[in-house]
Amino acid sequence: MSSTPNWHKSSYSSGGANDCVEVATNTPRVLVRDTKLSASPVIDASPAAWVSLVEFAKRSNS
(Lines give C-alpha, C1' and ligand atoms only; values in the text may rest on other atoms or scores of the structure.)
Protein backbone atom coordinates (compact mmCIF):
# COMPACT_ATOMS: atom_id res chain seq x y z
CA MET A 1 0.00 0.00 0.00
CA SER A 2 1.10 3.52 -0.72
CA SER A 3 0.76 6.61 1.42
CA THR A 4 0.23 8.71 -1.74
CA PRO A 5 -3.36 8.41 -2.98
CA ASN A 6 -3.89 7.20 -6.54
CA TRP A 7 -7.23 8.84 -7.35
CA HIS A 8 -9.66 7.38 -9.89
CA LYS A 9 -13.19 8.39 -10.81
CA SER A 10 -15.87 6.23 -9.28
CA SER A 11 -17.56 3.90 -11.75
CA TYR A 12 -20.87 5.17 -10.36
CA SER A 13 -20.17 8.79 -11.31
CA SER A 14 -22.28 9.72 -14.29
CA GLY A 15 -19.80 12.23 -15.64
CA GLY A 16 -22.33 15.02 -15.19
CA ALA A 17 -21.32 18.44 -13.98
CA ASN A 18 -22.44 17.92 -10.38
CA ASP A 19 -22.12 14.27 -9.44
CA CYS A 20 -18.58 12.95 -9.79
CA VAL A 21 -16.45 11.53 -7.04
CA GLU A 22 -12.93 10.14 -6.97
CA VAL A 23 -11.82 7.23 -4.81
CA ALA A 24 -8.36 6.16 -3.70
CA THR A 25 -8.03 2.61 -2.39
CA ASN A 26 -4.26 2.16 -2.62
CA THR A 27 -3.77 3.66 0.85
CA PRO A 28 -4.39 2.09 4.28
CA ARG A 29 -7.74 3.95 4.37
CA VAL A 30 -10.35 4.42 1.62
CA LEU A 31 -10.43 8.07 0.54
CA VAL A 32 -13.25 9.82 -1.32
CA ARG A 33 -13.32 13.37 -2.69
CA ASP A 34 -15.19 15.61 -5.12
CA THR A 35 -13.73 15.22 -8.62
CA LYS A 36 -14.14 18.90 -9.44
CA LEU A 37 -12.45 20.10 -6.27
CA SER A 38 -9.19 18.21 -5.84
CA ALA A 39 -8.38 20.38 -2.80
CA SER A 40 -11.78 19.66 -1.24
CA PRO A 41 -12.19 17.86 2.09
CA VAL A 42 -11.65 14.11 1.87
CA ILE A 43 -13.87 11.45 3.37
CA ASP A 44 -11.60 8.95 5.10
CA ALA A 45 -13.03 5.50 5.90
CA SER A 46 -11.69 2.18 7.07
CA PRO A 47 -11.88 -0.56 4.42
CA ALA A 48 -14.54 -2.36 6.51
CA ALA A 49 -16.67 0.78 6.79
CA TRP A 50 -16.32 1.37 3.05
CA VAL A 51 -17.48 -2.17 2.25
CA SER A 52 -20.48 -1.69 4.56
CA LEU A 53 -21.39 1.58 2.86
CA VAL A 54 -21.14 0.08 -0.64
CA GLU A 55 -23.24 -2.95 0.38
CA PHE A 56 -25.85 -0.65 1.91
CA ALA A 57 -25.94 1.45 -1.27
CA LYS A 58 -26.38 -1.67 -3.42
CA ARG A 59 -29.32 -2.86 -1.29
CA SER A 60 -30.89 0.61 -1.32
CA ASN A 61 -30.79 0.79 -5.14
CA SER A 62 -32.44 -2.61 -5.67
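Computed over heavy atoms, backbone and side chain alike; hydrogens, waters and symmetry mates excluded.
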Considering only distance and modelled atom types, tabulate donor-acceptor pairs under 3.5 Å from the side chains of residues 48-55, sequence neighbours left out.
from  : atom 1 : to    : atom 2 : distance (Å)
Ser52 : OG     : Ala48 : O      : 3.2

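Ion pairing of Arg33 with Glu22 is present here, as a side-chain N (NZ or NE/NH1/NH2) and a carboxylate O approach within less than 4.0 Å.
Within the 3.5 Å criterion, the main-chain N or O of Thr4 finds a donor-acceptor partner in the side chain of Asn26. In this structure, Thr27 contributes its side chain and Pro5 its backbone to no donor-acceptor pair below 3.5 Å.
For Asp44, the side chain to side chain donor-acceptor pair (under 3.5 Å) criterion is met by Arg29, not counting sequence neighbours.
A side chain to side chain contact (heavy atoms under 4.5 Å, CB included) with Trp7 holds for exactly one of Leu31, Val32, Thr25; it is Leu31.
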